[in-house]
Each structure stands twice: as structure tokens, then as C-alpha cells.
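Note: hydrogens, waters and symmetry copies are ignored here, and every other heavy atom, side chains too, is used. From a predicted model like this one, the values you see are computed outputs, not experimental measurements.
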Amino acid sequence: MEISKNMADVLLKIKEERDLSLTEFAEQLGISRSALQEYTSGTGVPRLSTVVILAQKLGMEPADLLAGTILQETLDTEEQQAVVKQLLAEYAQQSTTVLEGLHTLLALLAESAENCPNRQSSGRPDDPACEGKV
């Protein structure tokens, strides 16, 4: 099962329960109609930050939104539930790895700017004042 399909099912179910048009539901969620169309059709997956915001607006946990509401309602077997939980764990790990990499990159850039302030002001990578510095 794909995460986008699970989330699409949840969004469509909530939309139907609230008896809303796609446009009305998009307005309630604070996103464009076209974005919601992608999410409900399973052709688009929002950024993790958007998933968190959508889940908050829907009054649910982000993992539940990604997994397809309550796992027991949407998945038939414990094996399927385990697969979805594993996918969510992998998704979270990949997101964490990316964020850690960005944090490291930002720290290196900040260190470089501190160690070589002339590079920033001159805009030249060959600034003699920064020779040998990263």
C-alpha cells in the first residue's frame, strides 16, 4: 500500500462525511483546490510539513493521516498494518536524515562565514584572505 493512497482515502472519507465540495474542503484546509485534487487522487503527496498542518486542521495525528486513519479500519491484517508502520518509520528516518544533513551543511556554512568573513563580503571564492579555508 502506498502512503499517498492511504492519505487519499482518509481525505476523501472526511470530505464525504462533512458533505463538502472539493473547493469547500480545500478552503477549510487552507490549501488550493488543485493541491487537494492531487492528494485525494493519490497522484501527489504533500511535504511532511504540509502533512503535519493538514493533520492538525483535521484533528488527527500525522501518522494516522499518512497511514489511513486508524490502521485497524483500513488494513485487513496485522501484516498489512506492520508494513504501513514500517513505511512510516522509514519515511520518518529519511526525513530525519535529510534534516540532519541540512543542519550539518548550515553549521559548516556558518563556520565558514565566521572563519572567512572577507569571502562573504568579496563574493570571490579565490579571496586571498580565505586561502586554505572552507
Novice: Is the backbone of Ser21 close enough, under 3.5 Å, to the side chain of Glu24 for a donor and an acceptor to pair up by distance?
Specialist: yes
Novice: Distance check, rounded to the nearest 0.5 Å: Leu105 atom CG versus His103 atom NE2?
Specialist: 11.0 Å
Novice: Search all heavy atoms of Lys57 against all heavy atoms of Gly30 and return the closest pair with its distance.
Specialist: NZ-CA, 3.8 Å
Novice: With rounding to the nearest 0.5 Å, note down the distance linking CD in Gln56 to CG in Leu65.
Specialist: 11.5 Å
Novice: Can you see which heavy atom on Phe25 is nearest to which on Leu36, and at what distance?
Specialist: CD2-CD2, 3.6 Å
Novice: Report the distance from atom CD of Gln37 to atom CD1 of Ile31, rounding to the nearest 0.5 Å.
Specialist: 11.0 Å
Novice: Does Arg47 have more than 12 heavy atoms from other residues, nucleotides or ligands lying within 6.0 Å of its CZ?
Specialist: no
Novice: For the CD1 atom of Ile14 and the OG1 atom of Thr40, what is their distance to the nearest 0.5 Å?
Specialist: 12.0 Å
Novice: Identify whether Tyr39 and Leu48 are in the same connected component of the hydrophobic contact network (ILVMFWY, side-chain heavy atoms under 4.5 Å).
Specialist: yes
Novice: How close do Ala8 and Gly42 get, heavy atom to heavy atom, and via which atoms?
Specialist: CB-N, 3.9 Å
Novice: For the atom pair CE (Met7) and CG (Leu54), what is the distance rounded to the nearest 0.5 Å?
Specialist: 7.0 Å
Novice: Please round to the nearest 0.5 Å and tell me the distance separating atom CG of Leu29 and atom CG of Leu58.
Specialist: 5.0 Å
Novice: Test of understanding: clusters of I, L, V, M, F, W, Y form through side-chain heavy atoms closer than 4.5 Å, transitively. Do Leu12 and Leu20 belong to the same one?
Specialist: no
Novice: Determine yes or no for a side-chain-to-main-chain donor-acceptor pair under 3.5 angstrom, with Thr50 supplying the side chain and Pro46 the backbone.
Specialist: no
